[in-house]
Amino acid sequence: MDFTYSIWILLLPLISFLVIGLPEFVNKKYSWSHKTAGLIGTCSLGLVTVLSYYTAFQYFTADRLADGTFATFVPYNFTWLPLGHLHFDLGVLLDPISVMMLIVISTVSLMVHIYSFGYMHGEKGFQRYYAFLSLFTMSMLGLVLATNIFQMYMFWELVGVSSYLLIGFYYTLHAAVHASKKAFIVTRFADMFFLIGILIFGYYTGSYNFSFAGHVEYLNGAAAFTTADSARALAAGGMILPTALVLMFIGGAGKSAMFPLHIWLPDAMEGPTPVSALIHAATMVVAGVFQIARLFPVWIEYAPQALEVVVIVGAFTAFYAAAVACAQSDIKRVLAFSTISQIAFMMVALGVCLPGHHGAALDNHAQLGYMASMFHLFTHAMFKACLFLGAGCIIHAVHSNEMSAMGGLRKYMPVTHITFLISCLAIAGIPFFSGFSSKDEIITACFEYSPLCGWWMTGVAAMTAFYMFRLYYGIFWGTENKELHAHHTPHEAPATMTFPLVFLSIVTVGVGVVTTLGGFCDWSWASFGSIVSAAGTAYTVHFDPQVAATSTVIAILSIALATYIYKGEKQPIADKLYATFPRLHRWAYKRFYMDEVYQFVTHKILFRYVSRPVQWIDEKIINGLIDFTAWGANEAGETIRPWQSGDVRQYAVWFITGTVALTLLLLCL
């Protein structure tokens, strides 16, 4: 099977970045017009999307291997940096999760490119914006197509740089600059642990390659992987590899905004709204989830008990973020904390996977959590991107992020209203919408792991339905701000902005209907597990009727509660709750003061008791020692300078004096 064209999936956005960006950065008088720059970036992503869909069709329709798994294809792989028995490779790897991620990244990125034509129209730096979009897309594609951990890390850092540039796009605004630096610093701190974990992993296994469950087929003369030293890996498995994997998970937790490294994501909303849809809803923040999924065979074989760390961090983060989302008034920050909570769902799903029982490599329980996590990654990308783009249409109409400036917008923005409602139903877990199937399977896997974990995540799912419909009613129903709307009547967004909403909504409904019916009717072809599973073999999803019914009823009750409180033009119950629990609301609104905690720890403790003493030692002792050395050399030079006067008579005196002194010394001896 020929996948040699797949290299263009990486090269096209890179070429787009160079073509759009170089004239802009070298000499602005040669930069493209807004329309031309947008067309170059969008057409490039259109070709990438076509290639990605063709790759997925060709890959998933191919015959499986004898063991029932999909083959792993490596169209390109070459040694970039040899280091003795270790070497760093670069290439392209195609397996079920990388091909699935190609669909997610290319689809959402293309919709964002199209949407940005309308949203960013007239913005200063339009060309720079599209250049950065192409750079980010290339970086994310390189991350998911990586053939080894080191290549993943390289593109991982490129993703960080791209997000820094896009978050700080409005660099004249202090808030945007602050948010971009905050995101960059927090994720770099987490990436330090990722790098340490990679180095430990490579040292003890003798390889930076992933563990593959299926057959690897090398194409186009690609160099074969250097296999890991299984004996060394097994010997290190007791303590070293679990440590390495947990360190790498910290890097993933930073990129995926898990508690307590979540603080960068809400502030990242200072970037343009399409950037929020692309980076902080569908692609960048799932990099940590993808990292664990990619290394899942190593986790299962060498560190199954360490997955409890993933469960604990994910479960707490899901609840924390949902609680904060219930009190936010900025619609983008509600969606930001919703994203944190949903990414935590994916983390928990991976964490509740256990090694197979009775000697089996992976049982259905393990397959369920892994499959559910990847499925929720796919469905969440579509409906959350739709929610963020819908929020952009709303902000575009009312020129504010605050819900107080909204209310009653359903009659002004019918397309945005319907698509936003569809996405809210999906994330709430209502049957026949995509979020139901994926979230239901996560909760089922959690119940199999532990009843406490199952009920905990069910409660978080109920909170999700509540805060999303609080947001929905606050925007489209509730009290209309007639004074503000009188000065600027809200209107529906242009077609370039509404088309992506309609497309993503159709995907959300279509996937939801097919997978919901497939889960209840046992349609193997309609199961996400038929293409992505932990063991690589086809896995048909069977809904647990009790879990499905319970989660659906709880979601409906949560929506009903939000409707009862927030649908009317006045919200007396909400006002009463706020008056009764003002301190709790304040804590949730202030994100439980996590930013203040970080400020206190960094400024009052680290800066005062660590940085300042280190600075004093550096300035007074280290610099002082160096300055003293320089002073001593200078003084010595000044002292002996007269000896080199150029006066022959003085030289003769020194010569005679020295000769006499040496003679007397020899006579005395």
Side-chain angles (χ1 to χ4, degrees), residues 97 100 104 256 258 285-286 288-290 292-293 296 307-308 310-319 321-322 338-354 362-384 425-431 433-465 468 508 511-512 515-516 518-520 527-529 532-534 539-555 558:
I97 60 172
M100 181 271 293
V104 171
S256 291
M258 294 292 99
V285 290
V286 300
V289 178
F290 179 81
I292 296 178
F296 188 73
L307 285 171
E308 292 183 5
V310 180
V311 176
I312 294 170
V313 172
F316 181 81
T317 302
F319 173 79
S338 172
T339 297
I340 296 172
S341 184
Q342 296 304 302
I343 299 298
F345 264 89
M346 303 172 204
M347 288 288 192
V348 170
L350 288 171
V352 297
C353 296
L354 296 176
L362 288 171
D363 61 3
N364 285 348
H365 176 203
Q367 296 218 39
L368 178 62
Y370 181 93
M371 182 280 303
S373 178
M374 295 297 97
F375 189 23
H376 198 57
L377 187 157
F378 177 86
T379 60
H380 174 264
M382 302 303 167
F383 59 68
K384 184 54 68 66
L425 291 169
I427 196 173
I430 300 301
F433 296 90
S434 61
F436 165 75
S437 302
S438 56
K439 189 176 289 186
D440 186 78
E441 294 309 306
I442 291 177
I443 293 175
T444 301
C446 290
F447 271 110
E448 297 238 358
Y449 176 79
S450 162
L452 174 61
C453 183
W455 284 114
W456 180 277
M457 299 310 293
T458 300
V460 176
M463 295 170 69
T464 303
M468 285 308 302
T508 297
V511 172
T515 55
T516 302
F520 285 118
S527 172
F528 189 81
V532 175
S533 66
Y539 172 55
T540 302
V541 173
H542 305 280
F543 286 145
D544 185 321
Q546 184 176 356
V547 173
T550 302
S551 62
T552 302
V553 169
I554 290 176
S558 298

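These values consider heavy atoms only, across backbone and side chains, with no hydrogens, waters or symmetry-generated copies.
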Report yes if some heavy atom in the side chain of [X] is under 4.5 Å from a heavy atom in the side chain of [Y]; otherwise report no.
{"X": "Met463", "Y": "Phe319", "result": "yes"}
{"X": "Met374", "Y": "Val532", "result": "yes"}
{"X": "Met258", "Y": "Phe316", "result": "no"}
{"X": "Phe383", "Y": "Phe433", "result": "no"}
{"X": "Lys439", "Y": "Ser551", "result": "no"}
{"X": "Ile427", "Y": "Gln342", "result": "yes"}
{"X": "Ser338", "Y": "Lys384", "result": "yes"}
{"X": "Val511", "Y": "Phe378", "result": "yes"}

What closest approach, in Å, do [X] and [Y] show between heavy atoms, and which atom pair accounts for it?
{"X": "Pro431", "Y": "Phe436", "answer": "CA-CG, 3.6 Å"}
{"X": "Gly314", "Y": "Ala344", "answer": "O-CB, 3.1 Å"}
{"X": "Thr458", "Y": "Ile443", "answer": "OG1-CG2, 3.4 Å"}
{"X": "Val348", "Y": "Cys446", "answer": "CG1-SG, 3.6 Å"}
{"X": "Ala372", "Y": "Glu441", "answer": "CB-CB, 3.6 Å"}
{"X": "Ala465", "Y": "Ala555", "answer": "CB-O, 3.9 Å"}

Check your understanding: According to the interplanar angle, ranging from 0 to 90°, do the rings of Phe345 and His376 count as parallel (below 30°), tilted (30 to 60°) or perpendicular (above 60°)?
Key ->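 Correct class here is tilted.
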Exercise for review: Specify whether Tyr370 and Phe296 have parallel, tilted or perpendicular ring planes, treating 30° as the upper limit for parallel and 60° as the lower limit for perpendicular.
Suggested key: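 Tilted.
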Quick check for you: to the nearest 0.5 Å, what is the distance between [X] atom [atom1] and [Y] atom [atom2]?
{"X": "Leu307", "Y": "Leu350", "atom1": "CG", "atom2": "CG", "result": "8.0 Å"}
{"X": "Phe528", "Y": "Leu377", "atom1": "CZ", "atom2": "CG", "result": "8.0 Å"}
{"X": "Met100", "Y": "Phe290", "atom1": "CE", "atom2": "CZ", "result": "8.0 Å"}
{"X": "Cys353", "Y": "Met371", "atom1": "SG", "atom2": "CE", "result": "10.0 Å"}
{"X": "Ile430", "Y": "Thr516", "atom1": "CD1", "atom2": "OG1", "result": "10.5 Å"}
{"X": "Met347", "Y": "Thr317", "atom1": "CE", "atom2": "OG1", "result": "8.5 Å"}

Practice item. May I ask you to decide if Met382's main-chain N or O and Thr508's side chain share a donor-acceptor pair within less than 3.5 Å? Key: no
Check your understanding: Do side-chain atoms of Ser256 reach the backbone of Val285 as a donor and acceptor pair under 3.5 angstrom?
Key ->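 Confirmed, Ser256 side chain pairs with Val285 backbone.
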Practice item. Tell me, with the steps shown, if Ser373 and Ile442 meet side chain to side chain contact (heavy atoms under 4.5 Å, CB included). Key: CA-CA 7 Å; Ser373 178; Ile442 291 177; 5.6 Å; no
Review point. With distance as the sole criterion, is a donor-acceptor pair present between the side chains of Ser437 and Thr515 under 3.5 Å?
Key: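 Checked: Ser437/Thr515 side chains pair up, N/O donor to acceptor below 3.5 Å.
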